[in-house]
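Below is one structure, written out as structure tokens; the observations come after it.
Throughout, a chain's letter reflects where its sequence line sits, starting with A, and its residues are numbered from 1.
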Number of protein chains: 2
Amino acid sequence: MTVNGNGCLTCKVRKSSVLEPCAIGTLSAISTFKNSRKFEKGEFLFKEGEEVKGVFFIKKGVVKVLKEVPGYRTLIFKVCAKGEIVGHRGYDSKNIHKYSGVALSETECCFVPIVFFKEILRDSPDLEKQLMEEYLIDLERMEQKSMSLAYKSVKEKVAEAILLVSGVYDYHVKRRSFNIDLSRQDFADLTGTTKEQVSAVLKEFSRDSLIRYSGKKFNFIDLDALKSVAATY
Amino acid sequence: MTVNGNGCLTCKVRKSSVLEPCAIGTLSAISTFKNSRKFEKGEFLFKEGEEVKGVFFIKKGVVKVLKEVPGYRTLIFKVCAKGEIVGHRGYDSKNIHKYSGVALSETECCFVPIVFFKEILRDSPDLEKQLMEEYLIDLERMEQKSMSLAYKSVKEKVAEAILLVSGVYDYHVKRRSFNIDLSRQDFADLTGTTKEQVSAVLKEFSRDSLIRYSGKKFNFIDLDALKSVAATY
DNA sequence: TATAAAAAGTACGAGATCGTACTTTTTAAG
DNA sequence: CTTAAAAAGTACGATCTCGTACTTTTTATA
């Protein structure tokens, strides 16, 4: 447990976090009980079915949140980057994780053990309100995702996934290129399709000049054209 | 506005509602501000894109909660029966409904205007806690649904839908039969497929003795066999 | 009860998607 | 830098799903 000057109040990723509007008391409470943890690429932060041990605030790296059918398939619900909170939702009734969190790159987190987090939450209506907001965002996201999974073509879904990923890596027209940590399989898991389809669609998008890429390096993304392909209802 | 003895405290559907564990103060506050509203089959309780005017507690009837791509397709997120609360989730940031609620049968609700509901909520941590719980349940439901939509076959999804519907209509082995208010198209909207596929799969299930039905009258449902077909991961 | 309209059932061809099998490229390790 | 292993790309047949077009049944209404 680190109790030092390097706390939440001065944290440089706080502005993109649920903690952003929280009171000083809430932040210093979290600072007191947090400790830093690192994960390598591919490592699980937490696993579906396991007991909830605490919550993670991502300081560095990218994490995929997913559910697997063991030995069959995986669906990625969201991809979280620095500032975001993960693993905070298992702590209902049974304290068991309903999904997993896996590092897509080397990841650094602030970890707050669940007993402390619950205690802090009890005395922090600001944090509770933020969490509520977070749930509502996740719900809306999942509803949108369900629509896509149900009715969009592979092509539309892959376009959507590229847009999502470009957001996570903060792509904008002025940036030359960016390296993603997601494999083709990750794209497939994000869209409910197969890696073969992803490869084919990416190539098609490249041929049509919607994207330019080589391996995991992407650039010259025509965001508007992709949006139009993704046909976001 | 009805302020009478017929309030929430003595309401016969309360036990199946988010209000069940709420304090007397919370209940009587709601009783004070609620009024009764009726909807005919097919009528919208509220519509995606419209301003949130209040929340509905279902007293009688069945309501489908859905999102549509106008002129294209519809996805039903859930089917709510008596005791359940609907329309309570638009009141974030913009106060706009993100989905619609449509009566599947003649429906009777207690309606609480949003200003009052928000006020009551502010002073009722018990109700707030229940709502939070409700969001978490919805999230888990949507995540499960996404998995199904992404990776299950039409047959598996229809089996799942029958199980869902049998739950809504409280089917159990001892019941002879039950009439559903959902059309084949509703089943399709529930499973992200088409009414033609639903007809075909229902027939197949009937042939294999998993269900017996005629039109909208269902009985002799082999729940275990259906569960095994639905292959709930 | 007759009649129209809506819903459900049926069959089937077109097209999309999957997944195997293979080749090529990239990445990681020695 | 070399080599092995993993990831990505490619092609294609098998399968699944969709959606049209039609018939039959059910429901609603006069």
Side-chain angles (χ1 to χ4, degrees), chain A residues 40-43 64 69 71-75 102 104-106 148-162 165 177 179-207 211-218 229 231, chain B residues 40-43 64 69 71-75 102 104-106 148-159 161-162 165 179-207 211-218 229 231:
Chain A
E40 289 174 31
K41 182 174 177 159
E43 204 178 340
K64 58 180 170 181
V69 188
Y72 182 48
R73 294 185 121 177
T74 297
L75 189 66
V102 181
L104 276 167
S105 59
E106 210 185 308
S148 299
L149 289 169
Y151 298 129
K152 283 190 181 175
S153 68
V154 167
K155 210 170 134 179
E156 292 168 322
K157 286 187 283 188
V158 172
E160 206 168 56
I162 298 170
V165 170
S177 75
N179 281 285
I180 62 169
D181 299 297
L182 293 87
S183 67
R184 299 296 184 265
Q185 184 60 57
D186 287 325
F187 270 91
D189 295 346
L190 213 37
T191 51
T193 184
T194 60
K195 53 192 181 332
E196 293 85 357
Q197 301 263 318
V198 171
S199 284
V201 172
L202 287 180
K203 193 193 171 191
E204 191 187 338
F205 285 161
S206 173
R207 180 169 52 67
I211 58 175
R212 196 175 295 177
Y213 70 100
S214 156
K216 288 184 174 171
K217 191 173 179 173
F218 282 69
V229 170
Chain B
E40 287 173 33
K41 182 174 177 158
E43 205 179 340
K64 56 180 171 180
V69 188
Y72 182 48
R73 294 184 122 178
T74 297
L75 188 67
V102 181
L104 276 168
S105 60
E106 209 184 311
S148 299
L149 289 169
Y151 298 129
K152 283 190 180 174
S153 68
V154 168
K155 210 170 135 179
E156 292 168 323
K157 286 187 283 188
V158 171
I162 298 171
V165 170
N179 280 284
I180 61 170
D181 298 295
L182 294 88
S183 66
R184 299 295 184 267
Q185 184 60 57
D186 287 325
F187 270 89
D189 295 347
L190 213 39
T191 50
T193 183
T194 60
K195 53 190 181 330
E196 293 85 356
Q197 301 263 319
V198 171
S199 283
V201 173
L202 286 181
K203 193 192 171 191
E204 191 187 338
F205 285 162
S206 172
R207 180 170 53 67
I211 57 174
R212 196 176 295 180
Y213 70 99
S214 155
K216 289 184 173 169
K217 191 172 180 176
F218 282 69
V229 170

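- Near DNA chain C, meaning a heavy atom under 4.0 Å from it, residues 198-205 of chain B has B/Ser199, B/Lys203 in order of number.
- Nucleotide D/dT27 holds its C1' atom 17 Å from the CG atom of B/Leu182, rounded to whole Å.
- At whole-Å resolution of the value, OH in B/Tyr151 and P in D/dT15 are 22 Å apart.
- Residues B/Val154 and B/Thr191 fail the side-chain proximity criterion, which asks for heavy atoms closer than 4.5 Å.
- Legend: residues meeting side-chain hydrogen bond (donor to acceptor under 3.5 Å, both in side chains) with A/Asp186, ordered by chain and number and at least two apart, are A/Lys64, A/Ser183.
- Separating the NZ atom of B/Lys216 from the P atom of D/dT27 is a distance of 8 Å, rounded to the nearest angstrom.
- In this structure, B/Lys195 places its NZ atom 18 Å from P of D/dT26, rounding to the nearest Å.
- Using a 30° and 60° split on the angle between ring planes, B/Tyr151 and A/Tyr72 fall in the perpendicular class, above 60°.
- Under the rule for a side-chain contact (heavy atoms from CB on, under 4.5 Å), the partners of A/Lys41 that lie at least two apart in sequence or sit in another chain are A/Lys216.
- Under the side-chain contact (heavy atoms from CB on, under 4.5 Å) criterion, B/Ala159 pairs with B/Phe205, B/Leu226, B/Val229, B/Ala230, not counting sequence neighbours.
- Rounding to whole angstrom units, NZ of residue B/Lys41 and P of D/dT29 are separated by 11 Å.
- Contacts of B/Ser199 classified as side-chain contact (heavy atoms from CB on, under 4.5 Å), with partners at least two apart in sequence or in another chain: B/Arg184.
- Contacts of B/Glu204 classified as salt bridge (Lys or Arg N to Asp or Glu O under 4.0 Å), with partners at least two apart in sequence or in another chain: B/Lys155.
- Each end of the helix from C/dT1-D/dA30 to C/dG30-D/dC1 gets its own axis, taken as the rotation carrying the C1' atoms of four end pairs onto the next four within a five-pair window, and the two axes meet at 60° to the nearest 10 degrees.
- Of the two residues near DNA chain C, A/Val154 and A/Glu196, the one whose nearest nucleotide lies more 5' is A/Val154.
- On the nucleic acid side, DNA chain C contacts chain A at distances under 4.0 Å to non-hydrogen atoms, with the end points of that region at C/dT17 to C/dT20.
- In terms of the side-chain contact (heavy atoms from CB on, under 4.5 Å) criterion, residue partners of A/Glu196 (sequence neighbours excluded) are, by chain and number, A/Thr194.
- Between B/Ile162 and B/Phe187, the closest side-chain pair of non-hydrogen atoms falls below 4.5 Å.
- Qualifying side-chain hydrogen bond (donor to acceptor under 3.5 Å, both in side chains) partners for A/Gln185, counting only residues two or more places apart in sequence or in other chains: A/Asp189.
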